[in-house]
Amino acid sequence: MPAARRLRTIGLLLPALAGLALLAGVVGFRISEGMGLAALQETGHHRLDLYAESLEREIDKYAYFPATLGLERDVLDLVTGRAPLAWGLNRYLERLNERAGTLSIYVLNRRGRVLAASNWNRPDSFINEDLSYRPYFIEAAAGRQGRFFGVGTTRGEAGYYLSSPLTEDGAIVGVAVVKVSLEQLEQSWSTVEAPVLVADENGVVILASVPSWKFTTLRPMDEPTRRHFDQTLQYNARPLSPLGLMRQDRIAADAELVRLSRPADGQLEETVFPVSGGFLAQTAPLQGTGWTMTVLSPVDQVTGMAWTRAALAAMGSAVPGILLLMWVQRRRHLHELERKVEERTRNLRAAQDELVHAGKLAVIGQLSAGLAHELNQPLAALRTLSGNTVKFLQRGNLEAAQGNLERIAHLVDSMGALTSQLKSFARKSSGAPRPIAVRRPIDNALFLLDQRLRRSGVAMQVDAPEDVAALCDPNRLEQVLVNLVANGLDALAGRTGGRLTLTARTEGDRVRIEIADNGPGLPAEVLPRLFEPFFTTKEAVKDGTKEGSGGLGLGLAISAGIVRDFGGALTGANGPDGGAVFTIDLPAAALPNDPASILAATQAGELICPTLPPPP
């Protein structure tokens, strides 16, 4: 009987223990899954922010580009019929398209016919095409900025169209269009572990990290919509098959669990993205467009982790060590996710550094005419002096030959100083801030602009004590100063009595550098948009006679970003006596005071120390 009673008791306890283990397993699974999905959702939000920022930055580079074509007199003359030939404008648009890195740039008249295009000399040229049915033309012809993603009807090339009305005396006389490619952005997305896609206002996937997802639909498409797309040729008769996202469970307002069904052809990137466990889909609208961005984070790892924890909880629901193990695993998982987010952030910062360096090269391009002039004169003099020296030597006039050789040596030294300074300016610096005397980058910037200053007749006044030190990178500060001084010269072009004043002083724990001119100043409507990318009031260069003009409007935007990275600020305003004043505010720093540090900093070009003791 005791044995039978024990068996009966065990028989009664076994279901209770099994039920307790099952309950512990279910609770453990739900808690683990909820924690994993919450962590995955937080990571997804970070990913959405990073991807949206990269997309917005790519589009914002060209957002104000079409409107700048309305400042071109040749463009207005062509669309109004005052200039019947567009050959010169075609060449200008071709060069502008190559410089800006866009797919195409073209100009249409009021009726939607292409009059000039950057691809004018290619077999698939847009010239004389009627594009009045395109939505971006309809928007611009109505006086609004056009934004449109579509597939070109000529080459079948997908791109993002930005259009702007061309106006004269308040009337719309034509439309300017710029088509840009987003393929480079898609290629950078293709390396991420969580696929991402962008759908337009029609629910059509226009950008995706997985190539086969592009030009599929997120929702079923009815027949009237398909006929509308056939009429507008927005997607150039693409089949637009459904992507096959099957919604399973919504866990938040902007997040739901989904699965990706296998398409009819059976081709699915299973080797790249696991589809058995589904995805956590998080969607966010893209500001300023009708688009939405969706990040699909695989949940296989979260589900597998939840099942593991459920099994551990079921086998030892009373063991605190299992709870501790779950906590450690969760911490490790979160740490891994944070590490990956930090890695993506570093990649974005590296891309920003590349943009800063590209801006520096653009400044060098704007200085190229003056630098060529600066080198051509000594070269011509060297040719003449060397020829004369040969003749003097043949005549036995050694004194005259010696004088010519001394002048040749002086010219070579001058050219070497110029090329050395240009190489120093063009090099790609690390951007790491360190204590520097601001007088050295000021002198370097003015040296690079010396040719323009002398030709412009502008009086340059500098008040920058040698003991004013700031915490920044000298090479990048030099780039900012070149941009601001060049802008001041542009503002004073054609004016008599032009004057530029550059001052630097320490105020408490800050250093303020001001660049002021006595030009026309900044219009009130320009001030709020002063540091926007691609916003510029300068006319584009046509024949090279207007030095320093043109450009894409990136100088102030890049300069503001550089100063901001140093913990400072760049502001622009009008001076009390007229003219524009740009102020660079930087953290102050203490210069090194021991001889070894002073010697190293001076040799690196970061200090000006005329009383430097000789090295041991």
Side-chain angles (χ1 to χ4, degrees), residues 62-100 102-122 124-148 150 152-154 159-180 232-233 490 493-494 520 523 525-526 529 534-546 548-553:
Y62 307 97
Y64 303 100
F65 199 32
T68 60
L69 295 178
L71 303 176
E72 288 293 327
R73 174 51 54 187
D74 290 351
V75 174
L76 296 177
D77 289 345
L78 180 64
V79 297
T80 56
R82 292 193 295 266
L85 298 177
W87 185 85
L89 183 57
N90 284 331
R91 294 296 301 273
Y92 169 72
L93 295 179
E94 181 183 11
R95 292 192 299 269
L96 186 61
N97 183 65
E98 293 174 355
R99 184 176 62 176
T102 53
L103 291 177
S104 58
I105 306 173
Y106 46 100
V107 176
L108 304 88
N109 63 14
R110 188 66 178 83
R111 295 184 298 276
R113 187 167 296 279
V114 179
L115 301 180
S118 59
N119 60 357
W120 61 278
N121 59 346
R122 295 171 55 174
D124 55 354
S125 172
F126 301 157
I127 299 295
N128 291 327
E129 280 196 21
D130 183 5
L131 301 178
S132 58
Y133 63 93
R134 290 295 240 177
Y136 59 80
F137 171 79
I138 297 173
E139 288 291 317
R144 298 181 294 270
Q145 300 293 324
R147 299 292 184 269
F148 178 79
T153 57
T154 303
Y160 190 55
Y161 297 81
L162 302 99
S163 62
S164 178
L166 300 174
T167 61
E168 187 176 59
D169 299 329
I172 298 176
V173 295
V175 171
V177 181
V178 174
K179 182 180 179 181
V180 299
T232 61
L233 297 178
D490 291 341
E525 65 274 12
V526 170
R529 304 174 60 188
F534 285 94
F535 175 75
T536 178
T537 58
K538 301 176 185 177
E539 299 177 0
V541 176
K542 299 176 184 177
D543 55 4
T545 59
K546 189 173 183 181
S549 62
L552 297 178

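Since we're looking at a predicted model, the values are computed, not measured. Just so you know, residue 1 is the first one in the sequence shown, and it goes up from there.
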So, the side chain of Arg110 versus the backbone of Val173: is there a donor-acceptor pair under 3.5 Å, distance only? no
Salt bridge (Lys or Arg N to Asp or Glu O under 4.0 Å) against Arg91, all qualifying residues, sequence neighbours excluded: Glu94
Rounding to 0.5 Å, atoms CG (Asp169) and OG1 (Thr80) come to a distance of 10.0 Å
Quick one, Tyr136 and Leu131 - any side-chain contact, counting heavy atoms below 4.5 Å? yes
So which atom in Pro165 and which in Ala140 form the shortest heavy-atom distance, rounded to 0.1 Å? CB-O, 3.2 Å
Phe137 to Asn109 - nearest heavy-atom pair and separation: CE1-O, 3.5 Å
Taking only residues two or more places apart in sequence or in another chain, which ones pass salt bridge (Lys or Arg N to Asp or Glu O under 4.0 Å) with Arg144? Glu139
For Ile127 and Leu115 the tightest heavy-atom approach is CD1-O, 3.8 Å
Lys/Arg cation over aromatic Tyr161: Arg134, 6.0 Å, 45° cone: yes
Taking the side chain as every heavy atom from C-beta outward, state whether Asp74 and Tyr92 have any atom pair closer than 4.5 Å. no
Are the side chains of Val180 and Phe65 in contact, using a 4.5 Å heavy-atom criterion? no
Taking all non-hydrogen atoms of both residues, which atom of Leu166 and which atom of Gly70 are closest, and how far apart? CD2-CA, 3.5 Å
Output all residues satisfying side chain to side chain contact (heavy atoms under 4.5 Å, CB included) with Ser104, sequence neighbours left out; order by chain, then residue number. Tyr106, Ser118, Phe126, Lys179
Output yes when Glu168 and Arg82 qualify as a salt bridge under the 4.0 Å nitrogen-oxygen rule, no when they do not. yes
Rounding to 0.5 Å, atoms CG (Asn97) and CD1 (Ile105) come to a distance of 4.5 Å
Taking all non-hydrogen atoms of both residues, which atom of Val79 and which atom of Leu108 are closest, and how far apart? CG1-O, 3.8 Å
Taking atom CG of Asn90 and atom CG of Asn119, what is their separation to the nearest 0.5 Å? 9.0 Å
Distance, nearest 0.5 Å, that separates OG of Ser163 from CG of Leu69: 11.5 Å
For the side chain of Ser125 and the backbone of Arg122, is there at least one donor-acceptor N/O pair under 3.5 Å apart? no
Can you check whether Val114 reaches Val177 side chain to side chain, under 4.5 Å on heavy atoms? no
Specify the closest pair of heavy atoms between Ser164 and Pro66, including all atoms of both residues, with the distance to one decimal. CB-CB, 3.7 Å
